[in-house]
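Here the structure comes first, spelled out in structure tokens, and everything after it is commentary.
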There are 2 protein chains.
Amino acid sequence: MPELPFTLDQLRILKAIAAQGSFKKAADLLYVTQPAVSLQIQNLEKQLEITIFDRGGRKALLTEAGRLLLEYCERILNQCDEACKAIEDLNNLKGGTLVIGASQTTGTYLMPRMIGLFRQKYPEVSVQLQVHSTRRTGWSVANGQIDLAIIGGQLPGDLENLLQVIPYATDELALVLPSKHQLSNKKELLKEDLYKLNFVTLDSQSTTRKVVDKLLKDSGLDIQRLKIEMELNSLEAIKNAVQSGLGASFLPVVSIERELAAGTIHKAFIADLEVKRELKLITNPSRYISRASEEFKKNILPQFASLESPLRKI
Amino acid sequence: MPELPFTLDQLRILKAIAAQGSFKKAADLLYVTQPAVSLQIQNLEKQLEITIFDRGGRKALLTEAGRLLLEYCERILNQCDEACKAIEDLNNLKGGTLVIGASQTTGTYLMPRMIGLFRQKYPEVSVQLQVHSTRRTGWSVANGQIDLAIIGGQLPGDLENLLQVIPYATDELALVLPSKHQLSNKKELLKEDLYKLNFVTLDSQSTTRKVVDKLLKDSGLDIQRLKIEMELNSLEAIKNAVQSGLGASFLPVVSIERELAAGTIHKAFIADLEVKRELKLITNPSRYISRASEEFKKNILPQFASLESPLRKI
DNA sequence: GAGTCTCCATAAATTTAAATTATTCAAATT
DNA sequence: AATTTGAATAATTTAAATTTATGGAGACTC
């Protein structure tokens, strides 16, 4: 590691003298006294073993070595200015990158709207959305690869303590039927009716599937008795299957807004059952919170948060 | 003039930590204690209002802002290193420019040899030769456009005090005749013989001409009685004129070495007259002496200096 | 050319900043 | 749980830069 033979202050002084042609004027410009300028230049000359200025006449003139040094000096100081500006931009959300994590559902149906809003407000901050499983998302937040994330499932126990988990919204998992299904006419269903249905579900590894299974089980249903027509690994595929009359499914309401409006899919009401899950915001409190992340959490997320979420209260 | 929000030392520390992944290791690398490193980074973070490192686990990790700053940091430090190297090269005569002044005669016949020698020793120093009148050369040395010069005439009075003038060599101004001239056969001439000659001279403005006129006058000759066939402004032209039998001339011996060796010109001896002038080295003591200039004066010039010159004694 | 003005250098004193030692705190490893 | 390692903090020491005050040298004035 080489020693540094000069300081930025010395370079700043050098530049000022070169520009003003005088030690005194440079001192005035920099709001210091003239001896301060003299001594710093003397130090610089001693360190580099060169003469930088000819102090002959009324004005200070650069020597050859001085001109050479000045060239580098200007380049270095420009880089410094640039660095400052870049950092400032980052602070003012005029640059930088925000990395957001999400599960399949929120990533597909919720995040795009939020990110749109954010980008509208801060067009110079680039946003990266990473859609992964709850588990992987959790770990990414833990090791800093993701700034913040919204998940709908349960975190592994060890992460639960490490991360900050804030209830964010309630996501209803609606029972949806093909519009032409016989039960679509009934105003209300009962739990028991579920045994009459053929289900098209997410594959058993998915978080959403696990959540649904657990809720049904907790409400006293025997999930073994439910008939599963097929397992798919994409919500869109399931929606298509339901619309094609292949069976029923529990799907997040956020994912079927369009289809409900168009009437291509039917949402059933179950009188004695509510299938809901908590969407949670997770962040890593032991890590650096970027300005962008802070801003997203404070001003974007609340607009989409449910009334009960702590985020609302901010 | 903007304030500088960081120092080079801080950047150096930042770089070291980023490279080592640890405050402590960086401290060891830089031969300082760990608190010194911690405090400087804290200052940096405070100044820029950013967090640079995540000090979570066992190793320090850069934040986004930290990575951004590091990029600039490396560029800035590289520029600093380059600057040092450039300055060092200049000090070691591996770069830079030496500007030498000379009059017509020395510039044409003496300097090329000296510069050749210098360039052989320091091929990376570029040398510029400026041939001008004694007067203009003197002024150029005075205001720093020329590092050093060799002149054969008299400096204007005001410059005489301002510059350092060192006798350098004696330049004999030989009387030369066409080889087939009748007087070329005589072993020795006398002053009186000069009245019998037709002269081809430099124009009356030239320094060399003035010097010759003065010397002849001082030795008791009536220069009005000398027959001047023609006045030319180039030594080469005069040499050609003499060789063509058009007349005699007083020429610096250094300018006719080749012609004497070839026998195309004849050098006459005058028993009771010596026409000699002092060549002088001039420098500006109130100005910065470049390493190259110093070196030229100390090690190149003496090889061509006459025995009496103070330069010999160095 | 003597006097005045400017500008830079120098010296001593003050102020400011940075480094060190010693200690505490927290996380990670055993 | 105990030990180790790395970073933060506090107090002291050390070093460095700035200021005030002063002296000197060249340039402009009259």
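Heavy-atom basis, side chains included; hydrogens, waters and symmetry copies ignored. Chain letters run A, B, ... following the sequence lines, proteins first and then strands; every chain starts at 1.
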How close or far is atom P of C:dT10 from atom NZ of A:Lys24, stated in whole angstroms?
-> 18 Å

Distance in angstrom units between A:Asp54 CG and D:dA27 P, rounded = 13 Å

Given atom CG of B:Leu162 and atom C1' of D:dA27, what is their separation to the nearest angstrom?
-> 13 Å

Between A:Ser38 and C:dA9, does any side-chain N or O lie under 4.0 Å from OP1 or OP2?
-> yes

All heavy atoms of A:Leu14 vs all of A:Leu62, minimum pair found to be CD1-CD2, 4.2 Å

Taking only N and O in the side chain of A:Arg55, is any of them less than 4.0 Å away from OP1 or OP2 of C:dC7?
-> no

Judged by modelled atom types alone, do B:Ser38 and B:Gln34 share a side-chain donor-acceptor pair under 3.5 Å?
-> yes

Would you kindly give the CG-to-P distance between A:Leu11 and D:dA17, to the nearest whole Å?
-> 13 Å

Has A:Ser22 got a side-chain N or O lying under 4.0 Å from the OP1 or OP2 atom of C:dT6?
-> no

Flag the pair B:Lys280 / B:Leu163 as yes when at least one side-chain heavy-atom distance between them is below 4.5 Å, and no otherwise.
-> no

In whole angstrom, what separates A:Ile17's CD1 from C:dA9's C1'?
-> 13 Å

Given B:Ile13, which of B:Leu29, B:Leu8, B:Val37 fulfils the side-chain contact (heavy atoms from CB on, under 4.5 Å) condition?
-> B:Val37

Considering residues, nucleotides and ligands other than A:Glu49, do more than 12 of their heavy atoms fall under 6.0 Å from its CD?
-> no

Axis-to-axis angle between the two ends of the helix from C:dG1-D:dC30 to C:dT30-D:dA1 (five base pairs per end, rounded to 10 degrees) = 30°

Measure all distances between protein nitrogen or oxygen atoms and nitrogen or oxygen atoms of nucleotides 16-20 of chain C, and list the pairs falling under 3.5 Å.
residue : atom : partner : partner atom : Å
C:dA19  : OP2  : B:Gln40 : NE2          : 3.3
C:dT20  : OP2  : B:Thr33 : N            : 2.8
C:dT20  : OP2  : B:Thr33 : OG1          : 2.8

Protein-nucleotide distance (B:Lys59, atom NZ; D:dG6, atom C1'), rounded to Å | 13 Å

At their closest point, which heavy atom of B:Ala149 faces which heavy atom of B:Thr137, and how far apart are they?
-> CB-CG2, 3.3 Å

Cationic N near anionic O, under 4.0 Å, B:Arg12 to B:Asp9 = yes

d(CZ, A:Arg12; C1', D:dA17) in whole Å | 13 Å

Is B:Asp213 salt-bridged to B:Lys217, cutoff N-O under 4.0 Å?
-> no

Please report the shortest heavy-atom distance between B:Cys73 and B:Lys15, naming the atom on each side.
-> SG-CB, 4.0 Å

Between CZ of B:Phe23 and P of C:dA27 the distance, given in whole Å, is 16 Å

